[in-house]
Amino acid sequence: MEKYNHNDIEGKWQKIWEENKVSKIDKDDTKNKFYMLDMFPYPSGDGLHMGHTESYTASDVYYRFKKMQGFNVLHPQGFDAFGLPAENFAIKTGVHPAQTTEKNISNYIKQMKMLGLNYDFDEQAVTSDPKYYKWTQWIFQQFYKNDLVYQSTQKANWCSSCQTVIANEQVLNGECERCGTQIEQKKIPGWFFKITDFADDLINDLDKVDWPEHTKKNQRNWIGKSEGAKIKFKLTAHRSQLTANEIEVFTTRPDTLFGATYMVLAPEHSLVSELKDQITNWDEVEEYGIKAQNKTEMERIEGKEKTGVKLEGISAINPANSEEIPVFIADYVLVNYGTGAIMAVPAHDDRDLQFALQKDIEIKPVIAEVKSVDEIIPGLAELKIKSARESGFATIGFGLLMESGQFNGMNSEEAKKKITEFVGGEMTTNYRLRDWSISRQRYWGCPIPIVYSPEGKATLVPEEHLPWILPIDVDFKPKGVSPLGASKEFKERTEKIFGKGWTPEYDTMDTFVDSSWYFLRYPDALNDSEFCSEIRKKWLPVDLYIGGAEHTYMHLLFARFFTKAMNKIGLLDFDEPFLKLRHQGMVLDAQGKKMSKSKGNVVNPDDMVKSFGADSVRTYMLFAAPLEDEVMWNEDNIVGVYRFLEKVWFTKDELKEKSSEDVVRELHKTIKRMTKGIDELAYNTAVSDMMKFINTVKKSSISKEDYQTFLTILSPFAPHITQELWHQLGNESLIQDESWPKFDESLSKDSIHKIAVQVNGKVRETIEIEEGTEEEDVSKKALASELIKKWLEGKEPKKIIYVKNRILNIVVESNE
RNA sequence: GCCUAGGUGGCGGAAUUGGUAUACGCGCACGACUUAAAAUCGUGUCUCUCACGGGAUGCGGGUUCGACUCCCGCCCUAGGCACCA
């Protein structure tokens, strides 16, 4: 008996597969197409991590399964190669990001091949490659021409010491992660994509796609559509004299207008400075404004503590009841959501209530959560106030209006419109989604193909000059402007083409732009004259997309936006990029902790493959937990899968003329379950089904033919060992020649069922019945059992419930 | 704080979607083989009880003949929160 030597087998077949180019497909043949897409990795210096390993194996299994089912499967891979880590590395070491990236990519490819992942690396998409980003820039141009791009400013975290914008995640307790300097919020000018134009489509079209429900829910919440009203409040100053100023608020609850007992403006609201002369505590107001400016958005909205400052000398008039109410600025109101101002109804909004309790503002309930007027008891308002003060929670439900003048007794929904009308407001829709700011003050990104005239007017770089190449003569150290500003070549190139005094745009694009369309490139990755030819576009859209749940919001939303925008322009004839989406969970260490370099608990797939083989690593990754759950990488457990493969290996030496009947039945059952299981990406149970099968075989006997069928269904998980055995049995190429086996429905079912017999819901006996036994006969058999007779204690059954082939419940009495 | 998901043996997990809770794997214990060990094979392994039986799916309630599964209220963990990818 020959030992199972995974290293020899895997190396040998990987070499043969590469030489025979088994990953090549005819891309012009889209008749029976299936587009299987992976989220492409950022090629970091740490190499492929275990999360990639799981996700890519999952897709590789599905790819092999579909291929065996006769589909022409596109299964590409590429690299999201622009990004900050390479740039930071360059700042530290001076090594150019292009060099780092190239090195990392070749390492990634080596690792992917080592895992037996079958990609065609001749046609990749590498976002930092000018051949790729030429089309990123070209799409930017199309967006620009179609009025989907504009210039504006946005607040960002600014580190004055590093002289650069930094991400929220690099801000620790308000300080720069790198140098500890206090972070300020600075207004940065830049380019924006009009994603909000598509807000409604981005919500509604989720109905068209097969995605996890929670992912859809998250996207809807992120877009945050809310129906409400805009209502204007007049302002008074100097002992209640009306001023010319008004505050417009956005509210989703205009029905509670009579309960608005104060107003809040975002500290940055333009009206605040306009009212400077009327505000008698200006110093305090200004100081608060500066503090709020330097908080990140999350610091402002998190936590129960609400802060704010009353604008002394100013009041507003509640347009519903003409009452004079105080006006505050508070940082829990954000300037870029709604109108940047709110009417506050502490009785019916938790945040308003918290603020009101701190500032001792009147709480005025105006909604009774009841269905009929009779249920509104006297003193209800007082009760509600008391409960709000004690619990800290407002009542936010709907119901009938009270304490609201002529609207008393009206239901909330109707009152929304009526009250809005009454005060001259307007019903409107508001979104949480903001336009996409794509400018980054970074080097290692796609240059924005814009140049400025000496007068400062922005113009597109004409298509003939694309790719608008990222200059290489730069110093990576940030100096307050984008690194591209330091390039002599870039400036000279611009002046040479456009004339003296012209300057290029120095910012690069958000790397999310690159990854928002890469899947459109794969079908025709080598095309120099189009981003994708009409023939190759038939591969699109993606049939199945697998990737991490951490991309639930941004990447997936941006890619959907790109698809919709390109559809609108006429570049694509579909408007959803990913028909089916599934996530893979995170891979944690054996203690359930996230793997990170700083913790020193990173597991390297190379080492795992060396010790256990790619087949074991692949199969174990998928066996350890459901795909979408977290996987704890426990090295001790992988031996179970290794032993399973060894059993498969040695079974080759024990083949018999004929399979025993239980093996035949188990085989058909296993094929049936695997066919369904792989299709649903329920890989963990699919692997356990195969283990059960082998356990049956060990106790029985299997023929060569049935053994080969089993190798076929195992091959997507463990392609190397199955191919080797396939070869040893005298066959050619499993992956290229074999099709997915069919199962015999009648053989896949048990003929005898063990069913549980319950008395009053408790299992008291198990009986065996044949397939197709009538309910009556099942009852008879059960009632004839001595054990059951004993438990019935001679009482008459009240009710008998039979669930086919599963359970029979005899109800004698309820337990009273 | 807000949005979303999840809590089942010593551990990873299974449960035909409301029908015999703990499949499969790891670990552990005992046995076989061995001078011995490793490997392999076999048996056992939720818990309390001598037993008859009873109790367990994060905690507390509810619906049902029957609840890991559905409903209500808590607690804990994870992901995301717009310049990391």
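Basis for what follows: all heavy atoms, side chains included, without hydrogens, waters or symmetry-related copies. Just so it is clear, the model here is predicted, and its values are computed rather than measured. Residue numbers begin at 1 in each chain, while the letters A, B, ... track the order of the sequences.
Note: A:W633 and A:Y620 meet the aromatic proximity criterion, with ring centroids under 6.0 Å apart. A centroid separation of less than 6.0 Å is found between the aromatic rings of A:Y553 and A:W222. In summary, the aromatic rings of A:F193 and A:F558 are positioned with their centroids too far apart to meet the 6.0 Å limit. The six-membered or imidazole ring of A:F561 lies near that of A:F198, with a centre-to-centre distance under 6.0 Å.
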Restricting to nitrogen or oxygen on both sides, can you table the protein-nucleotides 39-45 of chain B pairs closer than 3.5 Å?
from, atom 1, to, atom 2, distance (Å)
B:U40, OP1, A:R643, NE, 3.3

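Counting to the nearest Å, the P atom of B:G19 and the CD1 atom of A:I769 are 17 Å from each other. Straight-line distance from the CE atom of A:M691 to the P atom of B:C26: 7 Å, rounded to whole Å. One can place CD1 of A:I807 at 18 Å from P of B:A15, the figure rounded to the nearest angstrom. The CD-P distance, from A:Q219 to B:C2, rounds to 22 Å in whole Å. Atoms CZ (A:R764) and P (B:C65) sit 18 Å apart, rounded to a whole Å. The separation between A:K762 atom NZ and B:G66 atom C1' is 11 Å, rounded to whole Å. Rounded to an integer number of Å, the gap from CG of A:N809 to P of B:G66 is 8 Å.
The A:K692 side chain lies nearest to B:A23 when the options are B:G12, B:A23, B:U20. Closest contact between the side chain of A:F623 and the listed nucleotides B:A21, B:G25, B:A85 involves B:G25. Taking every side-chain heavy atom of A:K217 into account, B:U4 is the closest of B:G12, B:U4, B:U20. Among B:U20, B:G80, B:C65, the nucleotide with an atom closest to any side-chain atom of A:Y553 is B:G80. The side chain of A:N218 lies closest to B:C3, out of B:C3, B:G25, B:A15.
With sequence neighbours excluded, no residue forms a ring pair (Phe, Tyr, Trp, His ring centres under 6.0 Å) with A:Y506. In this structure A:E771 satisfies the side chain to side chain contact (heavy atoms under 4.5 Å, CB included) test together with A:H753, A:K804, A:N805, sequence neighbours excluded.
When side chains are defined from C-beta on, A:M39 does not count as touching A:I546, because their heavy atoms never get closer than 4.5 Å.
Annotation: salt bridge (charged side-chain N to carboxylate O under 4.0 Å, His left out) contacts involving residues 433-446 of chain A, sequence neighbours excluded, comprise A:E297-A:R434, A:R440-A:D510.
At a cut-off of 3.5 angstrom, counting only N and O atoms as typed in the model, there is no donor on one side facing an acceptor on the other between the side-chain of A:Y802 and the base of B:G19. For A:Q441 against B:C83, a side-chain N or O and a base N or O form a donor-acceptor pair under 3.5 Å. In terms of polar N and O atoms assigned as donor or acceptor, the side chain of A:N221 never comes within less than 3.5 Å of the base of B:C3 in a complementary pairing.
Separation of the C1' atoms belonging to B:A85 and B:G80 is 13 Å when rounded to the nearest angstrom.
Remark: A:Y42 in residues 37-52 of chain A come within less than 4.0 Å of RNA chain B through at least one heavy atom. Residues from residues 82-92 of chain A with heavy atoms under 4.0 angstrom of RNA chain B, sorted by number: A:G83, A:L84.
In summary, the side chains of A:H583 and A:T215 do present a donor paired with an acceptor at a separation below 3.5 Å, with no hydrogens or angles considered.
With respect to A:K216 and A:E213, a salt bridge is recorded, a charged nitrogen being found less than 4.0 Å from a carboxylate O.
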